[in-house]
Asker: 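Provided herewith is a single structure, encoded as structure tokens, for subsequent inquiry.
Numbered from 1 within each chain, the chains take letters A, B, ... in sequence-line order.
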2 protein chains.
Amino acid sequence: MDTNDPMAYDIFNPNCPSRAVFDRLGERWTGLVLLALKPGTLRFSELRRQVQGITQKMLTQTLRGLERDGMVSRTVYPTVPVTVEYTLTPLGHSLSAAVDVLRAWAIEHIDEIDAARAEYEQAG
Amino acid sequence: MDTNDPMAYDIFNPNCPSRAVFDRLGERWTGLVLLALKPGTLRFSELRRQVQGITQKMLTQTLRGLERDGMVSRTVYPTVPVTVEYTLTPLGHSLSAAVDVLRAWAIEHIDEIDAARAEYEQAG
DNA sequence: CTGTATCCAGTTGGATACTG
DNA sequence: CAGTATCCAACTGGATACAG
């Protein structure tokens, strides 16, 4: 692939780096954690309360992935007990804006989707 | 929830309908199939060739889900052997535009993510 | 060509217990 | 509080065989 040409990136190719990024977004909790951190810094327990339904294990795992990809920064304060804060990096903010487009879309089109499902059941 | 107020929709609530839409997008192949159909109608075998790495089973399953949600319409031509075409509905086109924002983001920020990963490994 | 059906390995993710 | 470690059930998804 000619990596000097942005158009050469092919999201449909499993070996293309852009596909890897796309796959990461497809992980179950990634989008929701990004949206939760969009308004500002949160502690681990606050995140867990915000993203309803996520388990401790999955929250930790998702945060590690986002940290690794440079989306989230993690700060530990040596209080007793320990305090840990998570914040979006500029890169993370940029991505969360794109994810927010999807959230807005979802909310705006709920009714149409519900109608389509009802009709599908009817016909099926 | 007050369904007359769009602001009442809470993507973080597992029982909110907007969350269901968001979850659907998180399924592995949904985004890629939407992007593949964005430029225009494709047959089953063409789709399969385009979305590299998808199996027949997963393509069928993903298309059924999109059809059920009113994103994709399916047309069967009684040729021998049979021909089946898939096209985005207006609703599907609208969603694929939002997904395309993510594709563009992914391609634009690959380098930054790679750099972050390298640094993370270094520190880790 | 466009599916459906079945089997099965691998992964995901929840529950629980424990630690600094 | 913020994790880590372990076990295990459930689901995902690939391979294969078969059908209209």
Asker: What is the distance, rounded to the nearest whole Å, between atom OH of Tyr77(B) and atom P of dT2(C)?
Answerer: 12 Å

Asker: May I ask whether Phe12(B) and Val99(A) are part of the same hydrophobic cluster, defined by side-chain heavy atoms of I, L, V, M, F, W, Y residues being less than 4.5 angstrom apart, directly or through others?
Answerer: yes

Asker: Report the distance from atom CG of Asp23(A) to atom P of dG13(D), rounded to the nearest whole Å.
Answerer: 11 Å

Asker: For a quick check of understanding: with a heavy-atom distance under 4.0 Å over all strands, which category does Arg48(B) fall into, base, sugar-phosphate or nothing?
Answerer: nothing

Asker: Drop me the distance from Glu112(A)'s CD to Ser94(B)'s OG, to the nearest 0.5 angstrom.
Answerer: 7.5 Å

Asker: How does protein reach along nucleotides 6-20 of chain C, written 5' to 3' as B (base within reach of a heavy atom under 4.0 Å), S (only sugar-phosphate), or - (no contact)?
Answerer: BB-----BBB----B

Asker: Would you mind reading off the distance between Leu59(B) atom CG and dG13(D) atom C1', rounded to a whole angstrom?
Answerer: 13 Å

Asker: Find the distance Leu42(A):CG to dC1(D):P and express it as a whole number of Å.
Answerer: 15 Å

Asker: Could you state the CZ-P distance from Arg64(A) to dA2(D), rounded to the nearest angstrom?
Answerer: 12 Å

Asker: Can you tell which of Ile11(B), Val101(B), Val21(B), Leu95(B) makes a side-chain contact (heavy atoms from CB on, under 4.5 Å) with Leu102(A)?
Answerer: Leu95(B)

Asker: From CZ of Arg74(A) over to P of dC1(D), roughly how many Å is that when rounded to an integer?
Answerer: 16 Å

Asker: Would you tell me if any nitrogen or oxygen in the side chain of Ser45(A) comes within less than 4.0 Å of OP1 or OP2 on dA2(D)?
Answerer: yes

Asker: State, yes or no, whether a side-chain contact exists between Phe22(B) and Leu35(A) at a heavy-atom distance under 4.5 Å.
Answerer: yes

Asker: Could you check whether Tyr86(A) gets within reach of a base, just the sugar-phosphate, or nothing at all, counting any heavy atom under 4.0 Å?
Answerer: sugar-phosphate

Asker: Is it true that a side-chain atom of Arg103(B) and a backbone atom of Gly31(B) form a donor plus acceptor pair closer than 3.5 Å?
Answerer: no

Asker: On a heavy-atom basis, which atom in Ser18(A) and which in Ile107(B) lie closest, and how many Å separate them?
Answerer: CB-CG1, 3.7 Å

Asker: For Arg43(A) and dA2(D), is the shortest distance between a side-chain N/O and OP1 or OP2 below 4.0 Å?
Answerer: yes

